[in-house]
Student: 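Supplied in structure tokens, the structure appears directly below.
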Amino acid sequence: MVITIDGPAGSGKSTTAKLVAQKLGFKYLDTGATYRVVAVAVLKNNISPSNEQEVEKLVPELNIRFVDTKILLNDEDVSSQIRTEEIGKLASLCSTYKGVRENMVKLQRKIAQNQSIVCEGRDMGTVVFPNAEIKIYMDANVETRAKRRQKELSEKGISESFESIIESIKSRDTQDSTRKHSPLKIPDGAIVIDTTNLSIEEQATKIIEITKSIF
Ligand code: DC
């Protein structure tokens, strides 16, 4: 059984997806992490991220694996490296390339095969798992998403102005939702949850209730 959770950056989908998976005893797949690993690999190989052809040529050579809570690139643990703001932006750019998406979609479907799993990303319910039993789309207003991001950063000891975080979220929203291939949008049949005034616990409870009401 597959539960898909799509939504923009800062909508709360990662934390919620993890919690839902834990409470239901399901596996959890963070597909954004796979695009982030591509971005790390692009930098490690000194490829210009805007060179679509070179990036697309590199991707089939990469060995990307999830092991427990870690993500490995060619056996190197890159779990921390993928979490920077710079890598987030580069991942968003590389994810606009058709060849990159085709490879990541293949990888994501293979990981989810024969699993009870919560899959989180931007195109889970629209493209990767269109037949998922439950599709969720999470959203929140941009100020709330920026506040969450600022809190996350300050917990890591990074101070960034609210205005610059808003700008960075808006530009990522535009890139992710206007790209040609698999843009971020509400999947057909998805249940939309506005998380602006909800805690992570409340978001998870809602999704678990939806799951239990269907099965
Ligand atoms: O969720 P995230 O911030 O870790 O994702 C990083 C980027 O990867 C995001 O800006 C767009 C891309 N992405 C995607 O295109 N499709 C997905 N299913 C997940 C992420």
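Numbering of ligands and ligand atoms starts at 1, following listing order.
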Student: Looking at Lys151 and Glu155, is there a salt bridge between them, counting it only when a charged N and a carboxylate O are closer than 4.0 Å?
Tutor: yes
Student: Considering only non-hydrogen protein atoms, determine which one is nearest to atom 20 (C) of ligand 1 and report residue, atom name and distance to 0.1 Å.
Tutor: Gly32 CA, 3.5 Å
Student: Does the Arg148 side chain pair with the main chain of Ser11, one donor and one acceptor, at a distance under 3.5 Å?
Tutor: yes
Student: May I ask you to list the atoms of ligand 1 that are less than 4.0 angstrom from any heavy atom of Lys13?
Tutor: 1 (O)
Student: Given Arg149, which partner from the list Glu85, Glu160, Glu143 fulfils the salt bridge (charged side-chain N to carboxylate O under 4.0 Å, His left out) test?
Tutor: Glu85
Student: Can you list the ligand 1 atoms lying under 4.0 Å from a non-hydrogen atom of Gly121?
Tutor: 18 (N), 19 (C)
Student: Heavy-atom contacts under 4.0 Å between Met104 and ligand 1: side chain, backbone, both, or neither?
Tutor: neither
Student: Have a look at Gln175, Arg179, Arg172 and point out the one with the heavy atom closest to atom 6 (C) of ligand 1.
Tutor: Arg172
Student: Does Lys185 pair with Asp6 as a salt bridge, N-O distance under 4.0 Å?
Tutor: no
Student: Using a strict 4.0 Å cut-off to heavy atoms of Ser95, name the atoms of ligand 1 that fall inside it.
Tutor: 11 (C), 12 (C), 15 (O)
Student: State plainly whether the residues Glu86 and Lys89 are in salt-bridge range, i.e. N to O under 4.0 Å.
Tutor: no
Student: Taking the basic N atoms (NZ, or NE/NH1/NH2) and the acidic carboxylate oxygens, is any pair closer than 4.0 Å for Lys98 and Glu102?
Tutor: yes
Student: Number the atoms of ligand 1 from 1 as they appear, then name those within less than 4.0 Å of a heavy atom of Arg36, with their elements.
Tutor: 2 (P), 3 (O), 4 (O), 6 (C)
Student: Taking 4.0 Å as the limit for heavy-atom contacts, which would you say applies to Asp123 with ligand 1: side chain only, backbone only, both, or neither?
Tutor: both
Student: Select one of side chain, backbone, both or neither to describe which atoms of Gln108 lie under 4.0 Å from any atom of ligand 1, heavy atoms only.
Tutor: neither
